[in-house]
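These notes concern the structure reproduced below.
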Amino acid sequence: MDKLATWQTEHGVNPYPYTFTPTHTSTGLHNTYAELENGTETEDTVTVAGRIMAIRNSGMFLDVMDTKGKIQVFCHKESLPAEFLPQLKLLDIGDIVGATGTIRRTPRGELSIRAKSFQLLSKSLLPLPEKFHGLTDKETRYRQRYLDLIMNETTRDTLRKRSAIISSIRQYLVDAGYLEVETPILQPIAGGAAAKPFTTHHNALDMDLFLRIAPELYLKRLVVGGLSEKVFELNRNFRNEGISPKHNPEFTMMEVYEAYADYHDMMTLTENLMAHAAKVATGSTKVMYQETEIDFTAPWPRKTMAECVKEATGVDFMAIETDDAAREAGKQLGVHVREFDRWGHVLEQVFEEKIEHTLIQPIHITDYPVEISPLAKVHRDNPRLTERFETRVNGWEVANAFSELNNPIDQRQRFESQLGERDQGNDEAHQMDTDFVTALEYGLPPTGGLGIGIDRLVMLLTNSTNIRDVIAFPTLKQKS
RNA sequence: GCGAGUUUAGCUCAGCUGGUAGAGCAAUCCCCUUUUAAGGGAUGGGUCCAGAGUUCGAAUCUCUGAACUCGCACCA
């Protein structure tokens, strides 16, 4: 652009200088001078910096936006030294500038800085989207998130809240004595969940590796080793599956393991963590999501999966003895049943198709069938069930937790049973991880474990209806 | 993967039954020094998503493809 050259040749200005030192933020000034009356001038000199979002009256009024907000810079020819006036004409919407001047409030009530000087800090070469409608095209908003952030306060707010939520969870756990750890993202066996992994290859080792679908098996190894009785990891998982408003191929999971705890303890921890995060993000444990108020205030109801199904359908799966009878019952209820489904698969399928979407307020669904819970400990009162729960909010799975299976003999059998399912066509059945079984053979203490889907929690706490709105750079197809 | 929809200027969008490509904002130039989407005047700006077809003539009709959006499926 010509203006870029003009800055350099006619004004000897480097349009991309190295440093600048603002003394104040826009929001800080709005707070400090909240009581300043209209039409008042002060002698208080401040320096701010930010992006020009609007220019009015040929540069007399600049709206400057910094991370905290906006403030008007008032460039009047009587208060701005004459040498700045030609430079004023060279400013564009989108330029980043610093300005120094005195605080005043205009007769119409706009807190402003009466500029004594300003400095170009970065020249913008591309025009910003139109100011009134802003940037609304969803594709551009996701592909060029920087533009979305410049133009849309909601986007800035959502992603800042995401950061606050993650910090609050981390801080809560650290304060409670949990040790934050890191475990491999590149794994030779993608374990800890049922999902299709991304595959990659290490050249020097000539070895295929998988991006992890869950950190679970490594975190339990750390508990076996006694690194800490309470560990957690807050990081990305990768699942090679469809993209939807609730699924991104890479997503953020918090997993925590606590020795000598069981799944009841994990329910309490889930409630405390989410209620805390809700308060940090929204100021309250009662959160408006779309048209519904969701109440995260602890404690939350707990109900077994079989009870839910019995209440909603009248069918008591606990009274069904065989897999054949379970499949028949599933078909009777109009639920999708596969030929290799056993009692537990059918029970879960009925739950998902008939009940899940009705669970709006936070609830722990407990006592999952053993067939679909290969890493959870058998229920102390019933061998067909496990001590596992999933927390549902707004019909979504937001947490999954167990009393961890720590009996190595049982674990080996569960893996073998999963291999059997794999042979029957369930390509997401769990793989055998012999080293993990070996770790259990050295002894994992009784342990409670919990995973929380951070992105979905952030969606709920920021009133977002698409997971892409809570991920700064969501996965998109490459433009050809 | 399936269905519906969208794709036109930097942005937000018009463009009818096929007949020379439009507006507002942004940009450039001029006027204007107390504006709040500032205002007035002038000017420039297009691979109408891509390719093929129908037609004298296609942004518009047909087919194929692409990206996106929404819904569904998948995601135990």
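These values consider heavy atoms only, across backbone and side chains, with no hydrogens, waters or symmetry-generated copies. Protein chains get the first letters and strands the later ones, always in sequence-line order, with residue 1 at the start of each. Predicted, not measured: the structure shown is a model, and the values here were computed from it.
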Distance between C1' atoms of rC2(B) and rA58(B) (Å, rounded): 31 Å
pair T386(A)-D367(A): side-chain heavy atoms closer than 4.5 Å: no
Every protein N/O within reach of nucleotides 5-7 of chain B N/O, cut-off under 3.5 Å:
none

Ring geometry between F84(A) and F118(A) (parallel below 30°, tilted from 30 to 60°, perpendicular above 60°): tilted
Most 5' of A54(A) and P107(A) on RNA chain B, judged by nearest nucleotide: P107(A)
Listed nucleotide nearest any side-chain atom of D92(A), set rA27(B), rU33(B), rU12(B): rA27(B)
N/O (side chain, K131(A)) to phosphate O (OP1/OP2, rA38(B)) under 4.0 Å: yes
Pairwise 5' ranking along RNA chain B for F74(A) and I55(A), keeping only the more 5' one: F74(A)
Same-atom distance (P) from rA67(B) to rU28(B), integer angstrom: 36 Å
Whole angstrom value for the distance that separates C1' of rC32(B) from NZ of K89(A): 11 Å
V458(A): partners by side-chain contact (heavy atoms from CB on, under 4.5 Å), with sequence neighbours left out: R162(A), I165(A), I454(A), T462(A), V470(A)
Atom NZ of K116(A) with >12 non-hydrogen neighbours under 6.0 angstrom: yes
Between C1' of rA9(B) and CG of L128(A), the distance in whole Å: 17 Å
Same-atom distance (C1') from rA59(B) to rA50(B), integer angstrom: 14 Å
Side-chain donor-acceptor pair present, D148(A), T155(A), cut-off under 3.5 Å: yes
Rounded distance in Å between the C1' positions of rA14(B) and rG46(B): 15 Å
Rounded P spacing from rG18(B) to rC25(B) in Å: 33 Å
Pairwise C1' distance, rU54(B) and rU62(B) [rounded to whole Å]: 7 Å
Side chain of P129(A) - closest among rC11(B), rA27(B), rA37(B): rC11(B)
Touch class at under 4.0 angstrom, heavy-atom based, for P249(A) against every strand present: nothing
Distance, C1' atom - from rU55(B) to rG44(B), rounded to whole angstrom: 34 Å
rU33(B) phosphate, OP1 or OP2, under 4.0 Å from S58(A) side-chain N/O: no
Selection from rU34(B), rU36(B), rC32(B) that lies nearest to any side-chain heavy atom of H76(A): rU34(B)
Identify all pairs in which a protein N or O lies below 3.5 Å from an N or O of nucleotides 68-73 of chain B, and state each distance.
| from | atom 1 | to | atom 2 | distance (Å) |
| --- | --- | --- | --- | --- |
| rC68(B) | OP1 | K477(A) | N | 3.0 |
| rC68(B) | O4' | E139(A) | OE1 | 3.2 |
| rU69(B) | OP1 | R468(A) | NH1 | 2.6 |
| rU69(B) | OP2 | R468(A) | NH1 | 2.9 |
| rC70(B) | OP1 | K138(A) | NZ | 3.3 |
| rC70(B) | OP1 | N466(A) | ND2 | 3.4 |

Closest to side chain of R114(A), choosing from rU33(B), rU34(B), rA27(B): rU34(B)
Mutual orientation of the aromatic rings belonging to Y263(A) and H379(A) [parallel < 30°, tilted 30-60°, perpendicular > 60°]: perpendicular
Atom C1', compared across rG65(B) and rC72(B): separation rounded to whole Å: 23 Å
CD/Q290(A): more than 12 non-hydrogen atoms of other groups inside 6.0 Å: yes
